[in-house]
Protein chains: 2
Amino acid sequence: MFQLSKKSDYGLIALKHLAQHSGSISAREIAMEYKIPAPLLAKVLQRLVRKGLLISQQGINGGYVLARDPAKISIVDVLEAIDGPIGITPCERGSNCEQMERCSVRDPLMKIKVKVVRVLGDTSIYELAMN
Amino acid sequence: MFQLSKKSDYGLIALKHLAQHSGSISAREIAMEYKIPAPLLAKVLQRLVRKGLLISQQGINGGYVLARDPAKISIVDVLEAIDGPIGITPCERGSNCEQMERCSVRDPLMKIKVKVVRVLGDTSIYELAMN
DNA sequence: AGATATCGGACCAGATTGGTCGGATATTCG
DNA sequence: CGAATATCCGACCAATCTGGTCCGATATCT
């Protein structure tokens with residue numbers, strides 16, 4: 001298949017929300033708004049913090065804020081922060097591919113990957129928030 | 001994640017091979033050549049037959065042949081034949097998405113999907129076989 | 001008739017992912 | 001200072017998905 005994970009989906013929803021509302025917003029607040037399991041969303045947001053896309057504030061009025069201009073956060077940034085580097089081919093993701101030396105489609109697929117990543121990189125959270 | 005399944009990978013390898021060699025070729029032959037589990041490859045090829053991308057020949061000298069000009073078979077055709085219609089978002093693939101009405105990223109993601117599909121549709125098996 | 005190929009479904013096991021839980025730390029407020 | 005509330009972080013469980021296998025049936029050529 002060729003689909004983004006629910007975690008990535010949640011991450012995009014949250015980032016769009018943060019781009020549309022100013023101030024620090026807690027994970028639970030966003031989770032309730034979109035009916036996302038709160039602990040799961042929290043974990044997703046934590047990964048975004050670790051990758052420098054979000055800034056977290058602990059304490060009683062804590063929450064999350066975008067770390068930079070939403071126009072400078074692309075979809076790829078989010079996907080890679082949550083699910084790890086994008087890999088079109090199975091062999092790109094650790095799975096010990098038996099074909100390796102015989103594989104005749106890896107190189108062409110890499111070129112396609114570059115194009116796909118470009119598509120994903122061309123859209124920012126800002127544009128997401130405007131649509 | 002954002003990766004094509006091994007089955008799709010196998011399918012592309014097989015189609016490329018068929019585009020490069022003329023005549024009817026058996027699943028087992030291709031499987032041995034690329035060290036792919038034979039029964040699995042057979043199943044993959046069956047799906048391609050059902051979708052009209054391949055023509056199968058039963059019997060003792062049977063095997064598979066491309067159903068049409070490799071330049072007229074795109075990567076999307078193959079992926080959709082093997083893994084079903086491409087769905088970027090989780091909600092596109094039957095998973096009963098709780099967000100549905102609340103979901104704020106579905107429409108923008110659809111536009112991205114169109115672009116991705118276009119990228120995949122722009123490359124044909126013929127081009128795959130030339131690289 | 002027999003050998004070899006696809007066909008087609010059911011079936012199993014391992015990996016991945018969605019989702020949960022609990023303790024630790026930081027921050028604000030009474 | 002202590003209680004409340006938030007993030008943090010890892011371990012953990014359960015369900016789904018996928019890679020892979022098996023078996024009987026059918027078709028075709030020798």
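All values reported here derive from a predicted model rather than from experimental measurement. Chain A is the first sequence line, chain B the second, and so forth, proteins listed ahead of strands; every chain is numbered from 1. Just the heavy atoms: all of them, side chains too, but no hydrogens, waters or symmetry mates, feed the values below.
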Would a 4.5 Å heavy-atom cut-off, applied to side chains only, mark L54(A) and L18(A) as touching?
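Side-chain contact under 4.5 Å: yes.
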With the side chain counted from C-beta on, respond yes when I88(A) and F2(A) share a heavy-atom pair under 4.5 Å apart, and no when they do not.
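Yes, at least one pair of side-chain atoms sits under 4.5 Å.
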Running the 4.5 Å side-chain criterion over Ile, Leu, Val, Met, Phe, Trp and Tyr, what cluster does M130(B) land in, apart from itself?
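M130(B) clusters with Y126(B).
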Sequence-distant partners of E33(A), side-chain hydrogen bond (donor to acceptor under 3.5 Å, both in side chains), two or more places apart:
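In terms of side-chain hydrogen bond (donor to acceptor under 3.5 Å, both in side chains), with neighbours along the sequence ignored, E33(A) is linked to R102(B).
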Side chains of residues 108-117 of chain A: which donor-acceptor pairs under 3.5 Å do they make with residues two or more places apart or in other chains?
unit_1, atom_1, unit_2, atom_2, d
K113(A), NZ, I86(A), O, 3.1
K113(A), NZ, E92(A), OE2, 2.7

Tell me, for nucleotides 24-30 of chain D in 5' to 3' order, what letter each nucleotide earns: B for a base near a protein heavy atom under 4.0 Å, S for only sugar-phosphate near one, - for neither?
--BBBS-
Could you pull out the protein-nucleic contacts involving nucleotides 9-11 of chain C (nitrogen or oxygen on both sides, under 3.5 Å)?
unit_1, atom_1, unit_2, atom_2, d
dA10(C), N6, K43(B), NZ, 3.1

Pick one: which of V78(A), D83(A), I13(A) meets side-chain contact (heavy atoms from CB on, under 4.5 Å) with S8(A)?
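Only one of V78(A), D83(A), I13(A) forms a side-chain contact (heavy atoms from CB on, under 4.5 Å) with S8(A), namely D83(A).
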Please state whether the rings of Y34(A) and H17(A) are parallel, tilted or perpendicular, taking 30° and 60° as the class boundaries.
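Plane angle over 60°, so perpendicular.
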Is Y10(B) near enough to dG19(D) that one of its side-chain N or O atoms lies under 4.0 angstrom from OP1 or OP2?
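For dG19(D), neither OP1 nor OP2 has a side-chain N or O of Y10(B) closer than 4.0 Å.
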Can you check whether Y64(A) has a side-chain N or O nearer than 4.0 Å to OP1 or OP2 of dA6(D)?
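So the side-chain polar atoms of Y64(A) never come under 4.0 Å of the phosphate oxygens OP1 or OP2 of dA6(D).
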Scan residues 39-51 of chain B for pairs that pass salt bridge (Lys or Arg N to Asp or Glu O under 4.0 Å), counting only residues two or more places apart or in two chains.
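As it turns out, there is no salt bridge (Lys or Arg N to Asp or Glu O under 4.0 Å) pair with a partner in residues 39-51 of chain B once direct neighbours are skipped.
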Within residues 10-25 of chain B or reaching into it, pairs that qualify as salt bridge (Lys or Arg N to Asp or Glu O under 4.0 Å) - sequence neighbours excluded
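Every candidate salt bridge (Lys or Arg N to Asp or Glu O under 4.0 Å) pair involving residues 10-25 of chain B fails, so no pair, neighbours aside, qualifies.
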What is the separation between atom [atom1] on [X] and atom [atom2] on [N], rounded to the nearest whole Å?
X: K7(B); N: dA15(C); atom1: NZ; atom2: C1'; answer: 14 Å
X: L53(B); N: dT6(C); atom1: CG; atom2: P; answer: 17 Å
X: Q3(B); N: dT16(C); atom1: CD; atom2: P; answer: 9 Å
X: L41(B); N: dG20(D); atom1: CG; atom2: P; answer: 11 Å
X: D9(B); N: dG19(D); atom1: CG; atom2: P; answer: 10 Å
X: K51(A); N: dC9(D); atom1: NZ; atom2: P; answer: 13 Å
X: L79(A); N: dT17(C); atom1: CG; atom2: P; answer: 13 Å
X: L4(B); N: dC17(D); atom1: CG; atom2: P; answer: 18 Å

In residues 21-28 of chain B, which ones come under 4.0 Å of DNA chain C, going by heavy atoms?
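Going residue by residue through residues 21-28 of chain B, the ones with a heavy atom under 4.0 Å of DNA chain C turn out to be S26(B), A27(B), R28(B).
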Checking E29(A) now: which residues fulfil side-chain contact (heavy atoms from CB on, under 4.5 Å) with it, not counting sequence neighbours?
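Partners of E29(A) by the side-chain contact (heavy atoms from CB on, under 4.5 Å) criterion, ordered by chain and then number, come out as I25(A), S26(A).
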Name each donor-acceptor pair under 3.5 Å that joins a side chain in residues 59-75 of chain B to protein atoms two or more places apart or in another chain, with its distance.
unit_1, atom_1, unit_2, atom_2, d
R68(B), NE, K72(B), O, 3.0
R68(B), NH2, K72(B), O, 3.4
D69(B), OD1, A71(B), N, 2.9
S74(B), OG, V76(B), N, 3.4
S74(B), OG, D77(B), N, 3.3
S74(B), OG, D77(B), OD2, 3.2

